[in-house]
Amino acid sequence: MAKRHASRADRIGLRAAMADRLLPFMVAAMSFLAALGLAGSIAAGALATHWLSGAQGLMTIEVPTPSQPIAANGPLRQDAILTLLQATPGLTDAHLMSKTALAVLLKPWLGAAASDGTLPIALPAVIVVHSSGKAPDAAALGVKLASVAPGTLVDSGARWAERLAALTTSLRASAAAVLLIVALVAASVVAVAVRAGLSQRREAIEIIHGLGALDSDIANQFALRAMRLAATGGLLGGLVALPVLAWLGILSASFVTNAPAGGNSLIAALPPLLWASPVIFTLATALIGWLAAQITVRGWLKRLA
Amino acid sequence: MISFSHVGLNYRRAGSGVANAVALDDVDFEIPEGGFRWLTGPSGAGKTSLLKLMYLAITPSSGRIDLLDTDTSRLDRRGTALLRRRIGVVYQDFRLLRHLTAYDNVALPLRLARRKEVQVRADVSELLRWVGLAGRLDHRPEELSGGEQQRVAIARAVIARPSLLLADEPTGNLDDDQAERLMHLIRSLNRLGTTVIVATHNQGLVARHPAPVLELHDGRLTRHG
Ligand SMILES: Nc1ncnc2c1ncn2[C@@H]1O[C@H](COP(=O)(O)OP(=O)(O)OP(=O)(O)O)[C@@H](O)[C@H]1O
Ligand SMILES: [Mg+2]
C-alpha cells in the first residue's frame with residue numbers, strides 16, 4: 001500500500017499524536033542533573049571509604065610535657081606511656097612521631113617557629129599506634145594512660161569515622177532525594193506532554209474507544225511514544241554528563257590516590273557505575289516515560305467514559 | 001438476541017432549571033438473533049438515543065438491556081470494549097478519523113482485533129472497491145464528498161463482520177442507486193446471521209425493503225412489528 005498509510009506498528013493511528021519535540025531535551029536536562037547527583041553520591045562514598053580505611057584502627061595519643069619524669073628518678077612521661085602501650089595487648093607498632101614530622105604538621109598553623117625551636121610553648125609528644133580487635137577502647141585506654149601520665153589524651157579514629165559515616169549517609173540521602181525529585185519532575189514533564197497529546201486527539205480517541213479499543217490499546221500507543229522520547233533524552237543527558245563526570249572524577253582522584261592525573265587515569269577516575277550512566281539513564285528514563293504515560297492515559301480514559 | 005425491558009433514559013441537563021429531559025420511556029422489545037428491524041419516528045423521537053444505548057455509548061437510567069446474550073449492566077470496562085467490537089455502527093455524523101486515510105479508517109476494527117496485515121489489506125481493499133471507493137483509498141475524510149464519507153463509515157462498520165449492525169440514517173447522503181447498493185450489502189450481512197437495526201426517515205427505502213418496524217414517538221415505542 002502507499003506510504004501514506006499508517007505504519008504497521010501504529011495500528012490505531014495515534015502514534016503521531018505526541019509529537020512533542022521538546023520532551024527529549026527536557027528529559028536530557030533532568031538526566032544530566034541526576035547524573036551529577038549520582039556522581040556526588042558515589043564520590044562522597046569513595047572518599048569516605050578511602051579515608052575511613054586509613055583512619056580505622058589508628059589511635060593518636062598526646063602526651064603533654066613529655067620530657068618530665070613521671071616520678072623522681074622515674075622514666076620520662078613519653079617513654080612510660082610508650083612502654084605501657086607496647087605492653088598492651090591488641091596495640092601494635094606504637095611509635096613516637098619525630099619532632100620534624102610534627103613540625104611539618106604544625107607548620108601551617110605555627111609557621112617557622114614550629115621547627116626552629118623558638119616556640120614559646122612545649123609541644124606535646126604525639127604517639128601513633130595501630131589497634132586491632134582485642135585492644136581496649138579509647139576511653140578505657142585514656143583512663144589507664146592518664147593514671148601514669150596525667151593529662152594524656154587518646155584520640156581514636158572511631159569517633160572521627162563515626163562523624164565521617166554520618167556525613168556520608170546524609171550526602172547519600174541528599175543524592176537520593178535529588179534523584180527522586182528529578183525522576184518525579186521528568187515523570188511530570190512526560191505526563192504534561194501526554195495530556196497535551198490526549199486533548200489534541202480527544203475526538204479520535206473517543207471514536208477508537210467506541211470501536212472497542214481497550215484502555216491498554218490506547219495507553220500502549222502513547223506509552224511507546226513517550227518511552228522513546230524519554231529514552232532519547234536519557235541517553236542524551238547521560239552522554240553529555242560523561243565528560244563532566246570524568247572531570248569530577250579526576251579532581252576527586254587526587255584525594256583518593258597519589259597518582260598524578262593524566263593518561264589512563266581518565267578511565268580509572270570514573271567508577272564503572274558512572275561509565276554505564278548513559279545506559280542506565282536510557283533505561284531509567286524509558287521506564288519513567290512508559291509508566292508516566294500509562295498512568296496518565298488510563299486516568300484520562302476513566303474520566304472520559 | 002437483543003432485549004430491552006422497561007428501559008428509560010433521562011439525559012442529565014447540568015445547570016438548566018428544566019427537569020431531566022426524558023429521551024426514552026419504558027421501552028420494551030426483543031429482536032431475535034439474525035433479525036432485521038427498521039427504526040423510525042420523527043426527528044427528536046429518540047432513535048439515536050436508542051442506538052447509543054445499543055452501542056454502549058451510554059447506560060440506561062432504568063430498565064435492563066441484554067445485547068448478544070450479555071446483560072450490559074454487568075460489564076466491566078474490558079467486557080464493554082470487547083462487546084463493542086462485535087457491534088458495527090454507522091454513526092449519523094460518520095465519526096471518521098480525520099488524520100487517517102479511507103483505507104486506514106476502514107482497517108481500524110481489524111487492527112484493533114489484531115488481524116494480520118495481509119488479511120487487512122485484502123479485506124479492506126475489496127470492501128472499499130465494493131462500495132465504489134477503489135480510487136479513494138488514500139484520501140482523507142476532508143478530501144471525500146459526504147456520500148463517499150458515508151460509504152467509508154459503512155465499510156468500517158461491516159468490515160469485521162459484526163454480530164450486530166446499527167446504522168443511524170446510513171442513506172442520508174446517498175443517491176437512490178447507492179442507497180440500494182448499501183441495502184444490498186446490509187441484507188447480505190443479515191442473511192449471513194448479523195442482527196441489523198437501521199434508523200431512517202426514508203419511507204421509500206422502508207417500503208422497498210419490507211421488514212418489522214420499531215417506531216418511536218417522544219421516546220415511547222408506538223409500534224413493534
Ligand atoms: N446529549 C444530550 N443531552 C440532552 N438531551 C439530548 C441529548 N441527546 C439527545 N437529547 C434529546 O433527546 C431527544 C431524542 O434525541 P435523539 O437524538 O435520540 O433523536 P432522533 O430520533 O435520533 O432524532 P433525529 O431523527 O433528528 O436524528 C431529543 O429531544 C434530544 O433533544
Ligand atoms: Mg438521530
Side-chain angles (χ1 to χ4, degrees), chain A residues 1-21 193-226 228-229 293-305, chain B residues 51-52 55-59 75-91 93-118 120-122 124-125 128 136-141 143 153 156-157 159-160 162 166:
Chain A
M1 281 296 141
K3 59 175 178 290
R4 278 184 65 188
H5 293 160
S7 76
R8 224 185 113 79
D10 189 16
R11 299 186 139 252
I12 53 179
L14 287 180
R15 185 69 55 78
M18 244 189 61
D20 197 329
R21 297 210 160 69
V194 167
R195 272 177 170 282
L198 284 168
S199 36
Q200 195 193 331
R201 283 274 186 263
R202 187 194 178 98
E203 200 193 337
I205 292 168
E206 280 172 352
I207 294 170
I208 292 165
H209 216 238
L211 291 173
L214 300 172
D215 289 358
S216 59
D217 289 326
I218 297 167
N220 289 350
Q221 291 290 311
F222 279 89
L224 221 61
R225 172 98 181 148
R228 290 206 183 148
L229 291 173
Q294 287 281 349
I295 292 168
T296 309
V297 175
R298 285 169 192 266
W300 190 86
L301 286 174
K302 290 242 162 63
R303 263 172 279 130
L304 190 71
Chain B
L51 292 177
K52 272 186 183 169
Y55 59 75
L56 304 165
I58 52 177
T59 51
L75 289 171
D76 57 8
R77 283 181 76 80
R78 186 182 167 79
T80 304
L82 293 180
L83 187 58
R84 278 184 186 134
R85 292 187 183 181
R86 300 173 58 200
I87 302 171
V89 187
V90 185
Y91 302 93
D93 54 355
F94 316 144
R95 312 198 73 191
L96 299 175
L97 295 190
R98 276 180 286 131
H99 62 291
L100 292 186
T101 62
Y103 176 92
D104 283 325
N105 264 287
V106 176
L108 267 176
L110 298 181
R111 287 176 169 159
L112 282 175
R114 305 197 187 286
R115 296 284 174 76
K116 289 220 162 57
E117 214 51 30
V118 266
V120 171
R121 187 168 306 168
V124 173
S125 307
L128 280 175
R136 301 283 187 278
L137 266 55
D138 289 339
H139 290 239
R140 283 161 209 268
E143 300 163 340
R156 187 181 66 186
I159 187 77
L166 306 171

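Quick note on labels: first sequence line is chain A, next is B, and so on, each numbered from 1.
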Rounded at 0.5 Å granularity, tell me how far [atom1] in [X] sits from [atom2] in [Y].
{"X": "B:Leu97", "Y": "A:Ile208", "atom1": "CG", "atom2": "CD1", "result": "5.0 Å"}
{"X": "A:Leu211", "Y": "B:Arg156", "atom1": "CG", "atom2": "CZ", "result": "5.0 Å"}
{"X": "A:Leu214", "Y": "B:Thr80", "atom1": "CG", "atom2": "OG1", "result": "10.5 Å"}
{"X": "B:Arg95", "Y": "A:Glu206", "atom1": "CZ", "atom2": "CD", "result": "6.0 Å"}

Q: Determine the minimum heavy-atom distance between B:Ala81 and A:Ala213, stating which atoms define it.
A: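 Answer, listing the atom of B:Ala81 first, then A:Ala213: CB-O, 3.8 Å.
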
Q: Over all heavy atoms of both residues, which pair between B:Arg84 and A:Gly210 is shortest? Give the atoms and the distance, please.
A: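 Looks like CD-O, 3.5 Å.
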
Q) Under the side-chain hydrogen bond (donor to acceptor under 3.5 Å, both in side chains) test, which residues partner B:Arg85, sequence neighbours left out? A)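 For B:Arg85, the residues satisfying side-chain hydrogen bond (donor to acceptor under 3.5 Å, both in side chains) (neighbours in sequence not counted) are A:Asp217.
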
Q: Tell me, please, which residues at least two apart from B:Arg98 pass side-chain hydrogen bond (donor to acceptor under 3.5 Å, both in side chains).
A: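 Expected list: A:Glu203.
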
**Q.** Side chain / backbone / both / neither for B:Leu56 at chain A, heavy atoms under 4.5 Å
**A.**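 Contact with chain A involves no heavy atom of B:Leu56 at all.
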
Q) Are any non-hydrogen side-chain atoms of B:Leu96 and A:Ile207 less than 4.5 angstrom apart? A)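 A side-chain contact under 4.5 Å is absent here.
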
